[in-house]
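Structure record follows, encoded as C-alpha cells.
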Amino acid sequence: MLARPERAWFLRDAVELAPLLLGAVLAYDSDDGRVAVRLSEVEAYRGVGVDPGSHAFRGRTPRNAVMFGEGGHLYAYFTYGMHTCLNIVADRPGTSGGVLLRGGTVVEGLALARTRRPRSSERDLARGPARLAQALGVPLARNGSDLLASPFELAVPVEPLPHLTGPRTGISGAGGAVAYPWRFWLPGDPGVSAYRRHPKSH
DNA sequence: CACTAGATCATCT
DNA sequence: GATGATCTAGTGA
C-alpha cells in the first residue's frame with residue numbers, strides 16, 4: 001500500500017529515512033513520456049564531519065548545496081565524466097543528508113525505458129544508480145527539484161517493508177564498507193545491484 | 001560466474 | 001592534477 005508523503009515525512013535523518021523508501025515508486029514525466037521505478041536498493045549519506053563517504057563531509061560547496069536544503073528535494077550529480085546519480089534529500093534545512101537511489105525495477109513506461117537503455121536486459125534497466133537515472137530520463141538540470149511536485153510523482157509505503165542492511169558500495173577508504181552499514185535493500189528483489197568493492201580497496 | 005581495463009570530465013585540492 | 005556514491009565490454013573459468 002502506497003501513499004503520497006507529506007513534506008514532514010522527509011524531515012528525518014538520512015539513515016532513518018533510507019529504509020522507509022524501499023518499495024516506493026518514483027515517476028518522472030518528460031517530453032517523450034513517463035517512466036516509473038519501484039525502489040529496491042538505497043544508501044544513506046549523512047552530513048558534515050560525521051560521514052567521510054558523503055559529498056557533504058567537508059561542508060557546503062556549489063555542488064552539494066541542495067543537500068543542505070529541505071528534505072524531499074532532488075540532489076542529482078554528475079560523476080565519472082558520464083553518469084548521473086539521483087538522491088532524495090533528507091532532513092531539515094541546515095542539516096545535510098541524502099539517500100542515493102541505487103536500484104529499482106521499471107513499473108511504468110517499460111518501452112520508453114528500453115529506448116533509453118537499448119543494450120540493457122530488462123533486469124538491468126534500473127539496476128544501479130546511473131542506470132536508474134538514465135531509465136527515468138532525469139537530466140542533471142533537475143538538480144534541486146521538488147520531488148513532491150510535477151513533473152515528479154513519489155509514493156511511499158505506508159508500512160515499512162522488510163529489508164536487509166549492509167556496507168555501502170563503491171566507497172574508498174575510511175568512509176566505506178563496514179564502518180557505515182548504510183545500504184538497504186529488499187531481499188531477493190531483481191532490482192538490487194551487484195555489490196562491487198571500490199577498485200582502490202584490495 | 002569473477003575479474004579487469006577503459007571511457008571521460010566536473011569537482012575539489 | 002587526481003579522483004570518483006559507475007558502467008560496459010571484454011576475457012577466462
Side-chain angles (χ1 to χ4, degrees), chain A residues 13-15 17-19 21-22 26 37 39-68 71 73-91 95-106 113-144 147 165-185 188 190-202:
Chain A
D13 186 271
V15 174
L17 179 66
L21 284 163
L22 291 171
L26 176 63
V37 161
L39 302 179
S40 35
E41 180 184 358
V42 298
E43 265 174 14
Y45 287 86
R46 295 179 70 202
V48 180
V50 300
D51 182 0
S54 172
H55 287 171
F57 182 59
R58 289 155 205 268
R60 185 176 186 140
T61 68
R63 175 175 70 164
N64 67 25
V66 173
M67 288 181 87
F68 290 79
H73 291 252
L74 177 71
Y75 170 45
Y77 68 91
F78 183 70
T79 190
Y80 287 103
M82 62 194 95
H83 296 305
T84 299
C85 296
L86 309 178
N87 296 252
I88 295 178
V89 174
D91 223 318
T95 66
S96 56
V99 178
L100 172 68
L101 309 184
R102 282 204 57 90
T105 53
V106 175
R114 276 210 180 95
T115 66
R116 288 172 176 158
R117 299 190 40 78
R119 318 186 77 100
S120 227
S121 68
E122 180 166 337
R123 187 187 179 208
D124 285 346
L125 280 175
R127 179 174 172 254
R131 292 165 170 176
L132 187 152
Q134 203 184 359
L136 274 179
V138 177
L140 210 48
R142 290 288 181 190
N143 183 41
L147 294 173
T165 301
R168 293 189 298 201
T169 302
I171 313 281
S172 65
V178 188
Y180 301 90
W182 295 339
R183 177 180 179 236
F184 306 90
W185 67 93
V192 176
S193 70
Y195 181 81
R196 299 180 187 179
R197 70 174 187 269
H198 192 274
K200 268 184 78 176
S201 55
H202 292 189

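Computed over heavy atoms, backbone and side chain alike; hydrogens, waters and symmetry mates excluded. Convention: sequence-line order gives letters A, B, ...; per-chain numbering from 1.
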Problem set entry | Minimum-distance nucleotide (side-chain atoms of A:L100 versus C:dA5, C:dT6, C:dA9) | C:dA5

Problem set entry | Separation of atom CZ in A:F57 from atom P in C:dT3, rounded to whole Å | 18 Å

For this session: Please tell me if the side chains of A:C85 and A:L100 come closer than 4.5 Å, counting only heavy atoms from C-beta onward.
Result: yes

Exercise. Should A:R102 be listed as having a side-chain N or O under 4.0 Å from OP1 or OP2 of C:dT6?
Worked result: yes

For this session: Using atom OH of A:Y80 as one end and atom P of C:dT3 as the other, report the distance to the nearest whole Å.
Result: 12 Å

Exercise. Given atom CG of A:L132 and atom P of C:dA5, what is their separation to the nearest angstrom?
Worked result: 17 Å

For this session: Please find the earliest and latest nucleotides of DNA chain B, in the 5' to 3' direction, that have an atom within less than 4.0 Å of any heavy atom of chain A.
Result: B:dA7 to B:dT13

For this session: Run the numbers on A:V42 and A:L101 for side-chain contact (heavy atoms from CB on, under 4.5 Å), then give the verdict.
Result: CA-CA 5 Å; A:V42 298; A:L101 309 184; 4.3 Å; yes

Exercise. Honestly, is A:R46 close enough over A:Y180, meaning NZ or CZ under 6.0 Å from the six-membered ring centre and within 45° of the axis?
Worked result: no

For this session: Check whether any side-chain N or O of A:R119 sits under 4.0 Å from OP1 or OP2 of C:dA9, and answer yes or no.
Result: yes

For this session: Report the distance from atom CZ of A:F78 to atom P of C:dT3, rounded to the nearest whole Å.
Result: 19 Å

Problem set entry | Pairing partner (Watson-Crick or G-U wobble, both distances under 3.5 angstrom) of B:dA7 | C:dT6

Exercise. With respect to A:H55, which candidate in A:Y77, A:Y75, A:Y45 satisfies the side chain to side chain donor-acceptor pair (under 3.5 Å) definition?
Worked result: A:Y75

Problem set entry | Spacing of A:L86 atom CG relative to C:dC7 atom P, expressed in whole Å | 11 Å

Exercise. Under the 5.5 Å and 30° test, is A:Y77 stacked on the base of C:dA5?
Worked result: no

For this session: First locate atom CG of A:L147, then atom NE2 of A:H73, and finally report the distance between them rounded to the nearest 0.5 Å.
Result: 8.0 Å

Exercise. If you look at every strand shown and take non-hydrogen atoms under 4.0 Å, does A:R183 touch a base, only sugar-phosphate, or nothing?
Worked result: nothing

Exercise. Can A:E122 and A:R114 be said to form a salt bridge (Lys or Arg N to Asp or Glu O under 4.0 Å), step by step?
Worked result: CA-CA 8 Å; A:E122 180 166 337; A:R114 276 210 180 95; 2.9 Å; yes

Exercise. For A:R131 and C:dC7, what is the distance between atoms CZ and P respectively, to the nearest whole Å?
Worked result: 5 Å

Problem set entry | Spacing of A:R127 atom CZ relative to C:dC7 atom P, expressed in whole Å | 10 Å

Exercise. For the pair made of CD in A:E41 and P in C:dT6, what is the distance, rounded to whole Å?
Worked result: 10 Å

Exercise. Can you tell me if A:R117 and A:Q134 form a side-chain donor-acceptor pair at under 3.5 Å?
Worked result: yes

